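One is the number of the first residue; the rest follow in order along the sequence. Values in this document were obtained by computation on a predicted structure and should not be read as measured data.
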Amino acid sequence: MEMSNRQNLEQLLQNNSYPGRGIVIGKHADGQHAVIAYFIMGRSENSRNRVFVEDGEGIRTQAFDPAKLTDPSLIIYHPVRVFRSLESGTGDGPIAFIRAGEQPPVVQGAGSAPMRGYSDGVVTVVTNGDQTDTVYEAFQQGRTFEEALRTRTFEPDPPNFTPRISGALEGFRYQLSILKSANGNPDSVQRFFYEYMEPVAGEGHFIHTYRCDGNPIPSFEGEPACVGIDGGIDAFTDAVWNALNPDNKVSLFVRYIDVEAGTCETRIVNQNQ
């Protein structure tokens with residue numbers, strides 16, 4: 001009998017008033033779509049004064065009321081960018097997960113035709129800060145997800161020292177990462193990387209910045225949670241949005257990617273209207 005540690009994403013969110021910022025990446029139960037979700041929350045007026053807006057194939061945050069923006073350094077950034085290796089001249093094979101000296105495997109789709117669209121050489125990067133640009137620029141230079149994030153650390157926002165969480169999706173393969181302080185020690189960074197090279201249909205992984213609310217706010221601990229991924233994009237978006245704490249939720253991004261067809265659907269929900 002096959003065992004699974006799959007958890008219910010809605011229940012995880014409903015039982016945590018302040019997970020902070022969160023990333024979900026996985027393979028839909030239909031086996032056809034890769035799924036990404038990213039949400040932000042806020043306790044201060046500055047953090048809550050944000051919306052997601054489309055920016056090319058990705059998104060950026062911007063102030064809902066520019067007059068109320070006090071410190072943009074950690075709240076204005078590109079959470080999602082899409083890197084296309086063919087356009088950058090870095091090759092046409094899988095690039096996000098290949099380390100120096102390794103050769104990319106040959107991956108083919110139906111009918112033995114090379115996969116196009118959102119497969120090899122197209123990487124969706126999602127993070128909770130300006131490390132999105134760090135990863136994107138590393139790909140342009142032929143470096144990997146891990147190599148990029150080894151140059152970064154947690155956010156300089158004492159006493160919380162908010163972790164930097166990041167993800168990269170290429171075809172159905174994905175990685176997640178968290179860069180955090182050692183129990184609030186600003187002199188010690190801990191970097192964790194998680195690879196999901198053969199994801200199971202109907203499963204994704206959820207990582208977030210904070211374990212729960214608090215003062216200071218405790219950082220996430222443990223491995224990313226295995227969660228179920230199913231339903232249409234609107235039902236999934238509604239389920240995640242409605243499960244987030246109504247006082248603290250700010251914005252949500254969801255993307256369903258048809259890997260073989262090379263198409264995607266996106267939903268953006270903002271608390272500020």
Side-chain angles (χ1 to χ4, degrees), residues 6-42 47-62 64 75 77-82 117-118 124-128 132 165-169 171-172 174 176 196 199-210 224-259 261-273:
R6 188 184 305 177
Q7 300 183 65
N8 184 287
L9 179 59
E10 288 179 73
Q11 291 180 359
L12 290 175
L13 295 173
Q14 290 168 351
N15 293 333
N16 190 343
S17 64
Y18 201 65
R21 286 163 275 175
I23 297 171
V24 179
I25 306 181
K27 185 175 184 178
H28 195 277
D30 64 11
Q32 179 179 350
H33 292 88
V35 176
I36 297 176
Y38 175 65
F39 65 81
I40 60 174
M41 308 181 80
S47 292
R48 291 177 175 177
N49 181 36
R50 291 182 289 175
V51 291
F52 285 166
V53 295
E54 292 184 302
D55 189 340
E57 292 186 282
I59 59 171
R60 59 183 168 85
T61 62
Q62 72 176 28
F64 176 69
I75 65 169
Y77 58 95
H78 290 86
V80 178
R81 296 183 69 180
V82 177
Y118 285 84
T124 303
V125 181
V126 53
T127 88
N128 72 325
T132 307
I165 55 172
S166 308
L169 169 71
F172 289 114
Y174 59 96
L176 291 169
Y196 306 93
V200 176
E203 288 187 357
H205 290 86
F206 172 39
I207 194 167
H208 45 99
T209 52
Y210 303 129
C226 178
V227 296
I229 304 286
D230 58 18
I233 187 171
D234 290 319
F236 182 82
T237 301
D238 289 345
V240 173
W241 183 250
N242 292 332
L244 291 168
N245 182 275
D247 295 326
N248 295 323
K249 64 185 178 183
V250 175
S251 295
L252 169 66
F253 164 90
V254 175
R255 176 164 290 173
Y256 273 37
I257 300 170
D258 187 321
V259 173
T263 59
C264 70
E265 284 189 272
T266 299
R267 300 289 185 268
I268 294 174
V269 186
N270 292 307
Q271 184 82 312
N272 295 309
Q273 301 290 338

Closest heavy-atom pair and its distance - [X], [Y]:
X    : Y    : value
P224 : Y196 : CG-OH, 3.6 Å
P79  : I59  : CD-O, 3.3 Å
P19  : L13  : CG-CD2, 4.4 Å
R60  : D55  : CD-OD2, 3.1 Å
I25  : A168 : CD1-N, 4.1 Å
F64  : Q273 : CZ-O, 3.3 Å

Is there a side-chain contact between [X] and [Y], using heavy atoms and a 4.5 Å cut-off?
X    : Y    : answer
Y256 : F236 : yes
K27  : V35  : no
F253 : V80  : yes
R21  : I207 : no
N245 : M41  : yes
K249 : F39  : no
F52  : N270 : yes
V227 : N8   : no

Less than 3.5 Å apart, any donor N or O on the side chain of [X] or [Y] sitting next to an acceptor on the other?
X    : Y    : answer
T263 : D258 : no
N272 : R48  : no
H28  : D230 : no
T127 : T132 : yes

Roughly how far, to the nearest 0.5 Å, is [atom2] of [Y] from [atom1] of [X]?
X    : Y    : atom1 : atom2 : result
I40  : S47  : CD1   : OG    : 8.5 Å
I23  : L169 : CD1   : CG    : 11.5 Å
R255 : T124 : CZ    : OG1   : 6.0 Å
Q32  : F172 : CD    : CZ    : 7.5 Å
I36  : Y174 : CD1   : OH    : 11.0 Å
Q7   : L12  : CD    : CG    : 4.5 Å

Query raised in the report: Given L9 and V24, is the side chain to side chain contact (heavy atoms under 4.5 Å, CB included) satisfied, shown in steps?
Result: CA-CA 9 Å; L9 179 59; V24 179; 4.1 Å; yes
Requested in this report: May I ask you to check whether Y18 and Y210 place their ring centers less than 6.0 Å from one another?
Outcome: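 That pair passes the under 6.0 Å test.
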Requested in this report: Go through the steps for I75 and T61 under the test side chain to side chain contact (heavy atoms under 4.5 Å, CB included), then give the verdict.
Outcome: CA-CA 7 Å; I75 65 169; T61 62; 5.7 Å; no
Query raised in the report: Checking side chain to side chain contact (heavy atoms under 4.5 Å, CB included) for the pair V259/H33: CA distance, chi angles, key distance, verdict?
Result: CA-CA 6 Å; V259 173; H33 292 88; over 6 Å; no
**Report entry** Among T266, I268, V254, side chain to side chain contact (heavy atoms under 4.5 Å, CB included) partner for T237
**Finding:**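 The residue from T266, I268, V254 that satisfies side chain to side chain contact (heavy atoms under 4.5 Å, CB included) with T237 turns out to be V254.
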Query raised in the report: Considering residues, nucleotides and ligands other than E54, do more than 12 of their heavy atoms fall under 6.0 Å from its CD?
Result: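 Open.
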